[in-house]
Amino acid sequence: MRTGIFVGSFNPFTVGHDSVVTRALPLFDRLVIGVVGDQVHKPDMPSAEERIKAIAELYKDEPTIEVKPYYGLAVDFAKAENAHFIVKGVRSVKDFEYEREQADINRELSGVETILLYSEPQYSSISSSMVRELQHFGVDVTPFIPKRKDKQYDVITV
């Protein structure tokens with residue numbers, strides 16, 4: 001079984017994240033979305049349980065996706081999930097350089113490969129940080145949050 005992981009804090013999970021998940025699905029028999037656990041403390045970050053619940057709701061009809069917390073290194077999470085691949089989204093040259101360095105270290109530590117998926121152009125400026133900032137100033141962020149076919153995905157307030 002080909003298993004990949006897609007990890008992050010997902011605070012909040014954006015349409016850019018959803019694009020990566022949707023495009024990665026055909027590559028794997030199983031895709032595990034790893035949500036950084038509560039050991040990472042960022043100001044105003046909802047609990048891992050809240051973030052996991054919201055993402056799991058988004059993909060509840062997709063049997064090849066699992067959403068779980070993870071703690072520690074992504075490569076250790078990959079090993080625990082029997083995954084040979086880490087999926088990452090890349091929006092810019094800056095993202096690429098950071099992810100390339102991470103991929104090199106992850107491969108050296110564990111043999112786990114990283115697959116980079118380039119952002120679709122319409123999502124290249126969207127980040128969780130940007131969404132949180134807009135939310136802070138009272139801007140409607142629903143265009144940046146993925147929607148289920150039958151309803152709007154619940155925005156996690158920050």
Side-chain angles (χ1 to χ4, degrees), residues 1-40 42 45-92 95-96 99 102-103 106-107 110-132 134-135 140-158:
M1 176 180 281
R2 287 183 326 258
T3 300
I5 63 168
F6 180 48
V7 296
S9 59
F10 305 123
N11 178 29
F13 195 83
T14 70
V15 290
H17 295 127
D18 179 57
S19 170
V20 170
V21 168
T22 300
R23 293 164 44 226
L25 272 179
L27 303 174
F28 303 104
D29 302 308
R30 177 173 166 255
L31 182 64
V32 182
I33 300 173
V35 177
V36 170
D38 290 331
Q39 85 283 7
V40 173
K42 295 181 180 180
M45 186 158 76
S47 72
E49 182 179 322
E50 291 173 88
R51 290 175 283 133
I52 289 166
K53 183 180 174 186
I55 297 167
E57 174 64 23
L58 181 63
Y59 297 112
K60 73 178 184 181
D61 297 327
E62 181 49 65
T64 60
I65 294 178
E66 298 175 34
V67 185
K68 299 180 175 185
Y70 87 96
Y71 307 90
L73 297 175
V75 291
D76 292 337
F77 182 63
K79 284 181 187 175
E81 293 299 324
N82 270 337
H84 293 82
F85 302 95
I86 299 172
V87 177
K88 298 296 244 163
V90 193
R91 295 168 298 179
S92 66
D95 284 354
F96 174 80
E99 295 300 347
Q102 292 295 309
N106 288 339
R107 188 181 325 98
S110 67
V112 173
E113 287 290 344
T114 299
I115 296 173
L116 299 178
L117 294 178
Y118 296 101
S119 173
E120 293 181 84
Q122 68 270 29
Y123 303 135
S124 64
S125 296
I126 298 171
S127 69
S128 294
S129 299
M130 182 270 303
V131 172
R132 285 193 313 273
L134 291 174
Q135 253 181 336
D140 176 15
V141 297
T142 56
F144 307 113
I145 303 298
K147 298 170 181 61
R148 287 184 40 89
K149 289 181 183 151
D150 58 333
K151 69 175 190 171
Q152 168 70 36
Y153 168 71
D154 295 326
V155 176
I156 299 172
T157 55
V158 291

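Since the structure is predicted, the reported quantities are computational estimates derived from the model, not experimental observations.
- Residues D95 and Y118 have side chains that never bring a donor and an acceptor to within less than 3.5 angstrom of each other.
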message = I'd like to know whether L31 forms a side-chain contact (heavy atoms from CB on, under 4.5 Å) with T3, so could you lay out the CA-CA distance, the side-chain angles of the two residues, the decisive distance to 0.1 Å, and finally the verdict.
response = CA-CA 6 Å; L31 182 64; T3 300; over 6 Å; no
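- Using modelled atom types, no side-chain atom of E99 and backbone atom of F96 make a donor-acceptor pair closer than 3.5 Å.
- When the side-chain hydrogen bond (donor to acceptor under 3.5 Å, both in side chains) test is applied to Y123, no partner is found at least two apart in sequence or on another chain.
- Put simply, CD on E50 and CE on M45 are 10.5 Å apart, with the number rounded to the nearest 0.5 Å.
- Residues P69 and V35 are not in side-chain contact: their nearest non-hydrogen atoms beyond the backbone lie 4.5 Å or more apart.
- Side-chain contact between V21 and F6: present, with at least one pair of heavy atoms (C-beta onward) separated by less than 4.5 Å.
- Residues I126 and R91 approach most closely at O-NH1, 3.2 Å, considering heavy atoms.
- To the nearest 0.5 angstrom, F28 atom CZ is 9.5 Å from I5 atom CD1.
- Annotation: the span from R23 atom CZ to S119 atom OG amounts to 7.0 Å, rounded to 0.5 Å.
- Of all the heavy atoms in P46 and N11, the pair that sits closest is CD-OD1, 3.1 Å.
- Interatomic distance, T64 OG1 to D29 CG, rounded to the nearest 0.5 Å: 8.5 Å.
- Scanning all heavy atoms of the two residues, the minimum distance from I145 to V15 falls at C-CG1, 3.5 Å.
- A donor and an acceptor atom, one from each side chain of D140 and T142, are located under 3.5 Å apart.
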query = Which is it for H17 and F10 under the side-chain contact (heavy atoms from CB on, under 4.5 Å) test, yes or no, and what are the steps along the way?
reply = CA-CA 8 Å; H17 295 127; F10 305 123; 3.6 Å; yes
message = As a quick check of understanding, evaluate side-chain contact (heavy atoms from CB on, under 4.5 Å) for R107 and E113, giving each step before the final call.
response = CA-CA 6 Å; R107 188 181 325 98; E113 287 290 344; 3.2 Å; yes
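- Of all heavy-atom pairs between S9 and R51, the closest is O-NH1, 2.8 Å.
- Under a cut-off of 6.0 angstrom, the local environment of CD in E49 is sparse, with at most 12 non-hydrogen atoms contributed by other residues, nucleotides or ligands.
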message = Assess the residue pair V36 and Y70 against the criterion (side-chain contact (heavy atoms from CB on, under 4.5 Å)); give the C-alpha distance rounded to whole Å, side-chain angles, the decisive distance to 0.1 Å, and a yes or no.
response = CA-CA 5 Å; V36 170; Y70 87 96; 3.7 Å; yes
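- Side-chain atoms of S124 come within 3.5 Å of backbone atoms of P121 as a donor-acceptor pair (strictly under, hydrogens ignored).
- Taking CD1 of I86 as the start and CG of N106 as the end, the distance is 4.0 Å to the nearest 0.5 Å.
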Would you be so kind as to tabulate the donor-acceptor pairs closer than 3.5 Å made by side chains of residues 71-82, with sequence neighbours excluded?
| unit_1 | atom_1 | unit_2 | atom_2 | d |
| --- | --- | --- | --- | --- |
| E81 | OE1 | R30 | NH2 | 2.3 |
| E81 | OE1 | K68 | NZ | 3.0 |
| E81 | OE2 | K68 | NZ | 3.1 |

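- Rounding to the nearest 0.5 angstrom, the gap separating the OG1 atom in T14 from the CE atom in M130 is 7.5 Å.
- Looking at every heavy atom in both residues, A48 comes nearest to G37 through CB-CA, 3.9 Å.
- The side-chain heavy atoms of D18 and F13, taken from C-beta on, include a pair separated by under 4.5 Å.
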